[in-house]
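Below is one structure, written out as structure tokens, with a few remarks after it.
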Amino acid sequence: MLNVQHISKSFGKFNVLKDISFNVEPGEIVGLVGGNGAGKSTLLNIIATLTKPSSGDITLDGIPFNQKRKKVRKQIGYIPQEIALWDYLSVRENMLFFEKLAWKRKTEEDLRTLCLDMELKKWHEPVNTLSGGQKRKLNMAISFIHEPTLILLDEPTVGIDMKSKQEIITYLKKQVSENNLTVIYTSHDMWEIETLCEKVVCIGQDPFYKNMLAKTGKEIIEFQNV
């Protein structure tokens with residue numbers, strides 16, 4: 001279980017997050033929504049151990065982030081909004097490159113299967129020839145190489161076609177169900193949030209998201225940052 005307790009973050013005198021607390025159980029996908037500048041990416045970066053909070057604590061399966069950061073990082077798969085790929089390398093070469101950086105070793109056949117499971121059938125083609133949806137799939141496949149138990153997704157389907165979006169969502173739901181993963185999913189697309197998430201963490205001052213979510217019947221955990 002991911003346990004987020006009383007997380008706050010300030011940059012100088014500017015408070016980005018204030019007293020955020022929630023839990024995510026294994027096998028659960030929790031949505032993270034809010035307007036631009038609400039602090040979603042900051043919170044995701046804190047949970048990904050890329051940014052330290054000003055105060056508060058986080059544990060994953062009882063492991064404290066502030067004491068065992070390296071151990072926790074081995075369990076995290078982070079899919080950023082920005083596509084982080086080598087454009088002039090092939091899909092195969094990208095997968096092999098990032099496998100060398102991963103915590104677990106995978107065969108080339110394992111890596112190929114990761115891509116095929118996500119309906120990414122291209123293998124020898126350079127990344128710069130792929131569509132936006134194919135790049136998103138590759139970005140996600142790379143994050144699954146080391147078999148993480150906590151998956152953090154920051155707008156993973158932004159700017160892609162509906163077919164690719166549906167394939168990514170189907171793959172994610174399958175992985176969560178089969179491997180009991182813990183997932184936080186950030187999106188401005190309320191259809192995605194309604195389709196994927198059991199409950200939703202809503203942060204910021206914008207009432208739009210709360211009003212939209214109220215119609216879905218989802219459990220809403222609301223934080224009004226100041």
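- In this structure the side chain of Ile58 never reaches within 4.5 angstrom of the side chain of Gln5, judged on heavy atoms.
- Side chains of Thr42 and Asn45: a donor-acceptor N/O pair is absent below 3.5 angstrom, by distance only.
- Distance check, rounded to the nearest 0.5 Å: CG of Asp117 to CD of Glu119 gives 8.5 Å.
- The two residues Ser41 and Asp154 come nearest to each other via the heavy atoms OG-OD2, 3.2 Å.
- Using a 4.5 Å heavy-atom threshold, the side chains of Lys71 and Ile63 count as touching.
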Test side-chain contact (heavy atoms from CB on, under 4.5 Å) on Arg92 and Leu111 and set out the steps.
CA-CA 8 Å; Arg92 172 182 177 273; Leu111 299 175; over 6 Å; no

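- By the criterion of side-chain heavy atoms lying less than 4.5 angstrom apart, applied directly or through intervening Ile, Leu, Val, Met, Phe, Trp or Tyr residues, Ile160 is not grouped with Val158; the two fall into different hydrophobic clusters.
- For Glu99 and Lys106, the salt-bridge test fails: no basic side-chain N is under 4.0 Å from an acidic carboxylate O.
- Side chains of Ser90 and Glu125: a donor-acceptor N/O pair is absent below 3.5 angstrom, by distance only.
- You'll find the side chain of Phe65 reaches within 4.5 Å of the side chain of Thr49, heavy atoms only.
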So Arg112 and Glu108, salt bridge (charged side-chain N to carboxylate O under 4.0 Å, His left out) or not? Walk me through it.
CA-CA 6 Å; Arg112 181 76 172 115; Glu108 184 171 334; over 6 Å; no

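- By the 4.5 Å heavy-atom criterion applied to side chains, Pro156 and Met140 are counted as neighbours.
- Contact check for Gln134 versus Val91: no side-chain heavy atoms found under the 4.5 Å cut-off.
- Trp86 and Leu138 end up in the same hydrophobic cluster when Ile, Leu, Val, Met, Phe, Trp and Tyr side chains are linked at under 4.5 Å.
- Taken together through direct or relayed side-chain contacts under 4.5 Å among Ile, Leu, Val, Met, Phe, Trp and Tyr, Leu172 and Trp191 form part of one hydrophobic cluster.
- With a 6.0 Å cutoff to the six-membered ring centre and a 45° limit on the axis angle, Lys9 counts as a cation-pi contact of Phe11.
- Within the model, atoms NZ of Lys18 and OG of Ser54 stand 13.0 Å from one another, a figure rounded to the nearest 0.5 Å.
- Residues Leu114 and Ala141 share a closest heavy-atom pair of CD1-O, 3.7 Å.
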Start with the C-alpha gap between Cys197 and Ile29, add the side-chain angles, then the distance that decides, and say whether side-chain contact (heavy atoms from CB on, under 4.5 Å) holds.
CA-CA 5 Å; Cys197 304; Ile29 303 176; 4.0 Å; yes

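- Taken from CG in Leu89 to CE in Met95, the straight-line distance is 13.5 Å, to the nearest 0.5 Å.
- Looking at Lys40, its side chain does come within 3.5 Å of a backbone N or O of Gly34 through a donor-acceptor pair.
- Using a 4.5 Å cut-off on side-chain heavy atoms (C-beta onward), Tyr171 and Gln175 make contact.
- Contact of the Ile168 side chain with the Lys137 side chain is registered, since non-hydrogen atoms from C-beta on lie closer than 4.5 Å.
- The ring of Phe98 has its center no closer than 6.0 angstrom to the ring center of Phe144.
- A donor-acceptor pair under 3.5 Å links the side-chain atoms of Glu155 to the main chain of His188, judged by distance alone.
- Under the 3.5 Å distance criterion, with hydrogens and angles disregarded, a donor-acceptor pair is assigned to the side chains of Ser10 and Asn15.
- Atoms CD1 and CZ, on Ile83 and Arg136 in that order, are 4.0 Å from each other to the nearest 0.5 Å.
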side-chain contact (heavy atoms from CB on, under 4.5 Å) evaluation trace for Asp61 with Thr182
CA-CA 10 Å; Asp61 298 329; Thr182 303; 5.8 Å; no

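- Counting only distance, with no hydrogens or angles, the side chain of Thr129 and the backbone of Pro126 share a donor-acceptor pair below 3.5 Å.
- A donor-acceptor contact closer than 3.5 angstrom is absent between the side chains of Asp110 and Thr113.
- Across Ile47 and Leu150, no two heavy atoms sit closer than the pair CG2-CD2, 4.1 Å.
- Distance CG/Leu32 to CD1/Ile221: 10.5 Å, rounded to 0.5 Å.
- Of the inter-residue distances, the one linking Arg69 atom CZ with Lys74 atom NZ reads 15.0 Å to the nearest 0.5 angstrom.
- Taken together through direct or relayed side-chain contacts under 4.5 Å among Ile, Leu, Val, Met, Phe, Trp and Tyr, Ile169 and Ile151 form part of one hydrophobic cluster.
- Two residues are said to be in side-chain contact when any heavy atoms from C-beta on lie closer than 4.5 Å; Leu85 and Leu130 fail this criterion.
- Cluster membership for Ile76 and Trp103, using ILVMFWY side-chain heavy atoms within less than 4.5 angstrom, is not shared.
- For the pair Asp161 (side chain) and Lys163 (backbone), a donor-acceptor distance under 3.5 Å is present.
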Asp19 and Ile7: side-chain contact (heavy atoms from CB on, under 4.5 Å), yes or no, with the steps?
CA-CA 5 Å; Asp19 199 26; Ile7 291 296; over 6 Å; no

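- In this model, a donor atom of one side chain and an acceptor atom of the other lie less than 3.5 Å apart for Glu192 and Ser187.
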